[in-house]
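Structure record follows, encoded as structure tokens.
Scope of the values below: all heavy atoms of this structure, side chains included, with no hydrogens, waters or symmetry mates. In what follows, chains are A, B, ... by sequence order, proteins preceding strands, each numbered from 1.
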Amino acid sequence: MTDLPSTQELAIDVSGVSKVFGGEPGGFRALDNISVGIRNNEFFTLLGPSGCGKTTLLRLIAGFEYPTSGKILLHGEDIGLLPPYKRPVNTVFQSYALFPHLTVAQNIAFGLEMLGRPAAEVRDTVDRMLALVKMEPMRDRLTNQISGGQQQRVALARALAPSPKVLLLDEPLSALDYKLRKEMQIELKRLQNETGITFIFVTHDQEEALTMSDRIAVMSAGLIRQVGTPSEIYDRPADRFVADFIGETNFLSAEIDSVLEDHAILRLPGGGLEKAFLPKGAKTSGKVTAAIRPEHADLVPEGADGGLRGTLSNIIYSGSSTHYHVRLHDGPDFVVRTQNSPDNKLEFSVGQAVGVRVHDRCVQALED
Amino acid sequence: MARSFDVKTQPGFALIAAFCFAALYLPIAVLVIYAFNAGESIAVWEGFSLRWFVTAMSNTAVQEAALRSVVIAVFAASIATVAATMAALATTRQGTYPGLSFKYAVLNQPLMIPEIVTAVALLIVFSRIKVWTGYTGLGYLIAAHTAFCIPFAYLPIRARLESMDSALEAAAADLYASPWQAFRRITLPLLKPGIMAGFMLAFVISLDDVVITEFVKSGGQETLPTYMLGQLRRVVTPEINAIATVFLAFSVLIVIMFFFVNRRKA
């Protein structure tokens with residue numbers, strides 16, 4: 001899925017950017033001819049496994065690295081070769097990188113002072129930022145005298161204080177524990193809404209990306225695999241990598257039986273037919289992979305009309321839901337997830353022959 | 001298991017430790033004690049007195065030598081610290097590149113080459129320069145001391161830089177600080193304990209030097225150590241002990257300051 005032409009102004013326009021480390025021939029190609037547009041005021045996430053190039057792209061936008069080729073535009077102006085201190089873009093670092101010899105307030109004031117703002121304005125902005133991240137009582141502490149979550153807030157306030165056009169966040173939540181991370185996710189969303197600043201957020205955590213983002217770019221091996229809203233990415237993955245990386249997915253090898261507009265009828269293992277969504281520009285005949293989310297299928301007794309048949313090999317209860325592992329007669333294992341409730345008990349036992357019924361419109365046909 | 005390998009539990013540990021401490025400190029203790037001898041001997045105790053301290057302090061040769069030592073040490077340590085700071089920045093702030101280990105080797109060369117070799121080489125080179133320029137001042141001693149002080153100043157500064165998160169400098173640049181502002185406002189203040197430590201180490205090393213100084217100095221340019229060496233060739237009185245005791249107290253003071261500065265790493 002490509003970026004649709006938008007009337008909204010682009011905050012960052014990355015076009016044809018490549019980054020090669022260690023010299024062109026034989027060097028490491030961290031980014032391979034990437035193009036992506038990030039809209040003004042959106043919460044945009046770069047998501048991918050480590051080494052996919054997401055942090056490199058962020059560092060290119062910040063100015064810590066320079067592109068080997070291609071252009072980076074900030075509101076139409078080419079910033080690709082400017083040093084970091086000449087770009088109206090600020091970064092929240094993974095390690096926070098707070099200045100240990102300065103107080104919380106001095107850290108937040110640093111960017112404004114470097115910009116040569118008058119002292120009164122610096123003081124007002126620092127007060128406003130301290131209030132925004134709820135850190136007023138800590139203003140005169142040194143940064144090693146506050147907790148990790150508080151350091152995170154100071155790092156945010158410091159980067160927001162000079163009112164950057166774009167805020168870059170490099171896995172800022174990875175050092176926090178689970179509960180604090182959840183809190184900060186909501187906090188970040190709130191800050192983005194209140195300040196109206198474009199956020200570009202880097203993470204390898206798909207759950208974090210789905211909860212917070214307006215749009216997500218899924219990256220792997222220096223390429224952008226798909227750009228879309230969280231639900232587009234989750235429900236309509238463009239390829240097998242995206243389907244596999246985001247959430248859990250069952251993959252079945254299938255064959256296209258016939259095509260109707262944007263749908264295809266797939267022949268699944270065992271001979272059953274299922275209607276499947278076909279991404280734009282995908283092939284219309286031959287072998288494909290059918291991707292089905294575990295929550296988009298039900299377990300049914302053998303003999304009921306379900307497209308897939310197999311033996312129940314494992315039941316994993318996990319509180320809110322139960323995972324059923326079904327060994328299909330003509331294929332791999334298939335996982336079915338059902339939501340649990342006290343009065344909704346499915347009566348199945350391991351070893352039993354069962355059928356799997358896939359929900360309507362929930363199959364995605366992907367090229368291998 | 002771990003307990004049985006603890007060196008403190010090995011038989012004879014206490015004895016060996018006591019012997020080592022005695023070997024290290026007994027001679028110094030004897031030297032210091034005889035500085036307070038009332039008599040003229042450095043071996044026969046004749047009662048407590050401060051007379052040799054008074055003698056030493058009022059000896060103009062000692063005063064001049066001490067002043068010269070301090071002047072050379074201040075200049076040499078200052079220049080060496082500036083050079084070492086620049087060298088440390090250059091070797092830690094650009095990632096690794098071919099030739100980096102060669103640079104380390106060149107910087108630390110004065111630690112490897114026997115001092116007497118450097119001394120002879122400097123003697124030959126400087127005597128030529130003296131003939132060409134006619135200049136015979138303290139500059140030669142300062143240059144020579146600076147050279148061998150650099151590696152000593154370099155080590156603590158580099159250690160400090162290596163333990164410093166380079167993201168701090170990136171953060172400063174990200175917050176609109178030019179490279180010079182980032183250095184002034186972030187790198188330098190954080191580096192200060194390392195620079196102080198480097199300076200003090202270089203200062204003590206310069207103050208203490210005999211071999212190179214003995215070869216490089218022109219006539220009448222005695223430093224405190226070379227003056228003491230010269231005195232030992234003549235009549236030995238507890239005056240030498242008194243000078244050595246003051247010298248020792250001064251060095252210990254600097255070492256204590258070194259530890260104090262180094263501990264405030266935060």
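Residues of residues 66-76 of chain B never come within less than 4.5 angstrom of chain A, heavy atom to heavy atom. Chain A is approached within less than 4.5 Å, heavy atom to heavy atom, by B:A177, B:S178, B:P179, B:Q181, B:R185, B:I186 from residues 177-188 of chain B, ordered by number.
Heavy atoms of A:R87 lying under 4.5 Å from chain B belong exclusively to its backbone. Contacts of A:V89 with chain B are made by backbone atoms alone, with heavy-atom separations under 4.5 Å and no side-chain atom involved. The parts of A:F99 that come within reach of chain B are both its backbone and its side chain, each placing non-hydrogen atoms under 4.5 angstrom from that chain. With a threshold of 4.5 angstrom between heavy atoms, A:L98 approaches chain B through N, CA, C or O but not through any side-chain atom.
Salt-bridge annotation for A:R39 and A:E9: absent, with no side-chain N of the basic residue lying under 4.0 Å from a carboxylate O of the acidic one. Using a 4.0 Å cut-off between charged side-chain N and carboxylate O, A:E113 and A:R117 make no salt bridge.
The side chain to side chain donor-acceptor pair (under 3.5 Å) test with B:Y154 is passed by exactly one of B:T81, B:T91, B:T85: B:T91. Each of A:I200, A:L156, A:V202 was checked for a side-chain contact (heavy atoms from CB on, under 4.5 Å) with A:L169, and the lone residue meeting it is A:L156.
Under the 4.5 Å side-chain criterion, counting only non-hydrogen atoms from C-beta, B:T213 is not in contact with B:E222.
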Inset, instruction - Just do the ring pair (Phe, Tyr, Trp, His ring centres under 6.0 Å) check on A:F43 and A:F201 with the steps written out, would you? - result: CA-CA 7 Å; A:F43 196 120; A:F201 185 88; 5.7 Å; yes

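Sparse packing is recorded around NZ of A:K165, with 12 or fewer heavy atoms of other residues, nucleotides or ligands lying under 6.0 Å away. Counting heavy atoms of neighbouring residues, nucleotides and ligands inside a 6.0 Å radius, atom OH of B:Y25 does not exceed 12 of them.
The minimum heavy-atom distance between A:D78 and A:I72, with the atom names listed, is OD1-O, 3.1 Å.
Contacts with chain B were tallied for A:L168, A:L142, A:L102, A:L115; A:L115 has the most, counting heavy-atom pairs under 4.5 Å. Between chain A and the residues B:S166, B:A170, B:P189, the largest count of heavy-atom pairs under 4.5 Å involves B:A170.
A donor-acceptor pair shorter than 3.5 Å cannot be found between the side chains of A:T103 and A:D140. Residues A:S95 and B:D165 have side chains that bring a donor and an acceptor to within less than 3.5 angstrom of each other.
Using cut-offs of 30° and 60° for the angle between ring planes, the B:F148 and B:H145 rings count as tilted.
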